[in-house]
Amino acid sequence: MAYFTTRTENGRHFLQIPGPSNVPDRVLRALDNPTMDHRGPDFGLLGKKVLEKLGPVFGTTQPVIIFPASGTGAWEAALVNTLSPGDTVLMCETGWFAHLWQELAGRLGLKPRLLETDWRRAADVPAIEAALRADKGHEIKAVCVVHNETSTGCTSRIDEVRRAMDAAGHPALLMVDTISSLGSVEFRHDAWGVDVTISGSQKGLMLPPGISFNAVSEKALRASETARLPRAYWDWKSMLASNATGYFPYTPATNMLYALDTALDLLMNEGLANVFARHERHAEATRRAVRAWGLEIQCEDPRHFSPVLTAVRVPEGHSANALRAAILERFDMSLGNGLGRLNDRVFRIGHLGALNDLSLLGTLGGVEMGLRVAGVPHDAGGVKAAMDLLSGNA
């Protein structure tokens, strides 16, 4: 069956959205293994091996729980396992995905207290500290922050958020969404005092969509003992009991675990420090290209630039969606669209996961040609600016 009926067959499609990201061939081959009996002895060995390998990627020695779900499921699992109806949660609206998490919390019967931003910077750490200091009765039960806001290309400083919470002397849980940052950006669940880390498979972990994660602290586990939000499918207790022997309380995404095992090996063989440095390098090359084109980066604070993606603003009077459509039609490349208030205002270049220098230069070449085809005002030389950095001439 032809699944891709709107694009050419020559060469490979450039999937440069900020996730799902490209899946390496070795990971695809792992998915192709025969499905295993998820109650048999071999599965217990696979389950224990994969669960043990996950810890270093999260920066934790605490449990990591795997759900057959998208990242949204992991959001819900984090909230329902630790909170009770009517609890107040402090959330920083850094972009579209922080907005969606806030909406989900409201639907669960929680009371989100929103700290708004202009979607051009990361979490407002002083505002978080001020809100916690003002909360003398400790009504706020959790602080929820998106580490890397995929809609804007802004990465929040979770270490600074933790220091602000400690400075305020507030007992709230710290929950962090790493769906688009895990495996691409340095993250330290234990060292930064994170209580629940939420993540998903389809970005830095280089897997298809389909599994998601909660890394949980001892404090979060204690909170789960008294939390009163309903939970069944998302219950940590039954998951952890089964995970102790490598199994799951219900049917897991068996073949995705094969793929996860292989993807974790790829990350560890490269070395996490090298993975993070590669992402930083590709992000800087992309930003140099954008500046050379004379275009504006959505993220205004260089301290918050994302290693995962770059969101680029198109000039007034021009359509980011029309540009993306032209690039897809002429050059067979998919770029991320603007979300929420940024619809048709920005396009997003994903530079994460299984990406090398030549693939990035091909991506930037497609953008530069697309700007010309779509009639978007720009200067030439973006690809050269990136090439100078990547070839060591900058």
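Computed over heavy atoms, backbone and side chain alike; hydrogens, waters and symmetry mates excluded.
When atom types are taken as modelled, the side chain of Arg348 and the backbone of Gly153 share no donor-acceptor pair closer than 3.5 angstrom. Side-chain atoms of His304 never come within 3.5 Å of backbone atoms of Pro302 as a donor-acceptor pair (strictly under, hydrogens ignored). Between the side chain of Asn22 and the main chain of Leu15, a donor-acceptor pair closer than 3.5 Å is present. Judged by distance alone, with hydrogens and angles left aside, the side-chain atoms of Ser84 form a donor-acceptor pair with the main-chain N or O of Arg228 at under 3.5 Å. In this structure, Arg113 contributes its side chain and Thr88 its backbone to no donor-acceptor pair below 3.5 Å. The backbone N or O of Gly95 sits nowhere less than 3.5 Å from a side-chain atom of Thr152 that would complete a donor-acceptor pair. In this structure, Asp261 contributes its side chain and Val50 its backbone to no donor-acceptor pair below 3.5 Å. In this structure, the side chain of Gln102 does not engage the main chain of Pro112 through any donor-acceptor pair within 3.5 Å. Formation of a donor-acceptor pair under 3.5 Å by the Ser201 side chain with backbone atoms of Pro208 is found in this model.
Ionic pairing of Lys48 and Glu52 is not present here: no N-O contact between side-chain nitrogen and carboxylate oxygen is shorter than 4.0 angstrom. The residues Asp301 and Arg120 are annotated as not salt-bridged, no charged nitrogen and carboxylate oxygen being separated by less than 4.0 angstrom. Between Asp87 and Lys111 no salt bridge is recorded (no basic side-chain N to carboxylate O distance below 4.0 Å). Taking a cutoff of 4.0 Å between a charged side-chain nitrogen and a carboxylate oxygen, Glu160 and Arg303 qualify as a salt bridge. In this structure, Glu368 does not pair ionically with Arg372, as no charged nitrogen and carboxylate oxygen lie closer than 4.0 Å. Using a cut-off of 4.0 Å between Lys/Arg side-chain N and Asp/Glu carboxylate O, Lys237 and Glu225 are scored as not salt-bridged. Between Arg188 and Glu186 a salt bridge is recorded (basic side-chain N to carboxylate O distance below 4.0 Å). For Arg345 and Glu316, the salt-bridge test passes: some basic side-chain N is under 4.0 Å from an acidic carboxylate O. Using a 4.0 Å cut-off between charged nitrogen and carboxylate oxygen, Asp388 and Arg288 do not count as a salt-bridge pair.
Counting heavy atoms from C-beta outward, Met239 and Ile65 have side chains that approach closer than 4.5 Å. Counting heavy atoms from C-beta outward, Met387 and Leu361 have side chains that approach closer than 4.5 Å. Two residues are said to be in side-chain contact when any heavy atoms from C-beta on lie closer than 4.5 Å; Leu45 and Phe43 fail this criterion. Within the 4.5 Å cutoff, the side chain of Val176 has no heavy atoms near those of the Ile198 side chain. By the 4.5 Å heavy-atom criterion applied to side chains, Met333 and Val367 are counted as neighbours. Between Tyr250 and Pro68 the shortest side-chain heavy-atom distance falls below 4.5 Å. The side-chain heavy atoms of Leu295 and Pro315, taken from C-beta on, include a pair separated by under 4.5 Å. Glu218 places a side-chain heavy atom less than 4.5 Å from the side chain of Gln62.
Not less than 6.0 angstrom separates the ring centroid of His38 from the ring centroid of Tyr247.
Counting only N and O atoms by type, the side chains of Ser359 and Asn356 include a donor and acceptor under 3.5 Å apart. His351 and Thr310 are linked by a side-chain donor-acceptor pair at a separation below 3.5 angstrom, with hydrogens and angles left out of the test. Using a 3.5 Å distance cut-off with no hydrogens or angles, the side chains of Ser151 and Glu149 do pair a donor with an acceptor. Remark: the Ser217 side chain and the Asp195 side chain contain an N/O donor-acceptor pair separated by less than 3.5 Å. Using modelled atom types and a 3.5 Å distance limit, the side chains of Asn81 and Ser224 yield no donor-acceptor pair. Judged by distance alone, the side chains of Thr197 and His189 do bring a donor and an acceptor atom under 3.5 Å apart. Counting only N and O atoms by type, the side chains of His170 and Asp135 include a donor and acceptor under 3.5 Å apart. Trp236 and Asn214 form a side-chain donor-acceptor contact under 3.5 Å, judged by distance and modelled atom types alone. Using modelled atom types and a 3.5 Å distance limit, the side chains of Thr178 and Ser199 yield a donor-acceptor pair.
The number of heavy-atom neighbours closer than 6.0 Å to NZ of Lys384, taken from other residues, nucleotides and ligands shown, is 12 or below. The environment of Arg341 atom CZ is dense: over 12 non-hydrogen atoms of other residues, nucleotides or ligands sit within 6.0 angstrom.
Through direct or relayed side-chain contacts under 4.5 Å between Ile, Leu, Val, Met, Phe, Trp and Tyr, Val308 connects to Val185, Leu309, Leu352.
Of all heavy-atom pairs between Leu221 and Pro63, the closest is CD1-CG, 4.4 Å. Here the shortest heavy-atom pairing between Gly73 and Trp234 reads CA-CH2, 3.4 Å. Scanning all heavy atoms of the two residues, the minimum distance from Leu355 to Arg278 falls at O-NH1, 3.2 Å. Between Val146 and Phe97, the shortest heavy-atom distance links the atoms CG2-C, 4.4 Å. Taking all atoms of both residues into account, the shortest heavy-atom contact from Val64 to Leu51 is O-CD2, 3.4 Å. The shortest non-hydrogen separation linking Val27 to Ala259 is CG1-CB, 3.7 Å.
Residues Leu339 and Val312 do not share a hydrophobic cluster, clusters being chains of Ile/Leu/Val/Met/Phe/Trp/Tyr side chains in contact below 4.5 Å. If you chain together hydrophobic residues whose side chains sit under 4.5 Å apart, Ile66 and Tyr258 fall into the same group. Linking ILVMFWY residues whenever their side-chain heavy atoms come closer than 4.5 Å, directly or via other members, leaves Leu174 and Val216 in distinct clusters. Cluster membership check: Leu371 does not share its hydrophobic cluster with Phe331, using side-chain heavy-atom separations under 4.5 Å among Ile, Leu, Val, Met, Phe, Trp and Tyr.
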Apply side chain to side chain contact (heavy atoms under 4.5 Å, CB included) to the pair Asp124 and Leu115, showing each step before the final yes or no. CA-CA 8 Å; Asp124 187 338; Leu115 299 175; 5.7 Å; no
In sequence, state the C-alpha distance, the side-chain angles, and the governing distance for Asp265 and Lys53, and then conclude on salt bridge (Lys or Arg N to Asp or Glu O under 4.0 Å). CA-CA 8 Å; Asp265 284 345; Lys53 286 182 180 180; 2.7 Å; yes
Which is it for Arg39 and Asp37 under the salt bridge (Lys or Arg N to Asp or Glu O under 4.0 Å) test, yes or no, and what are the steps along the way? CA-CA 5 Å; Arg39 299 290 179 235; Asp37 173 10; over 6 Å; no
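In this structure, Thr82 OG1 and Lys219 NZ are separated by 11.0 Å, a value rounded to the nearest 0.5 Å. To the nearest 0.5 angstrom, Cys92 atom SG is 7.5 Å from Leu114 atom CG. Rounded to the nearest 0.5 Å, atoms NE2 (His147) and SG (Cys154) are 12.0 Å apart. Rounded to the nearest 0.5 angstrom, Phe187 CZ and Phe276 CZ are separated by 10.5 Å. Put simply, CD on Glu284 and NE2 on His279 are 15.0 Å apart, with the number rounded to the nearest 0.5 Å. Between Leu335 atom CG and Leu328 atom CG the span is 9.0 Å, to the nearest 0.5 Å.
For Trp101, there are no side-chain hydrogen bond (donor to acceptor under 3.5 Å, both in side chains) partners two or more places apart in sequence or in a different chain.
The residue from Gln16, His13, Arg324 that alone fulfils the side chain to side chain donor-acceptor pair (under 3.5 Å) condition with Ser334 is His13.
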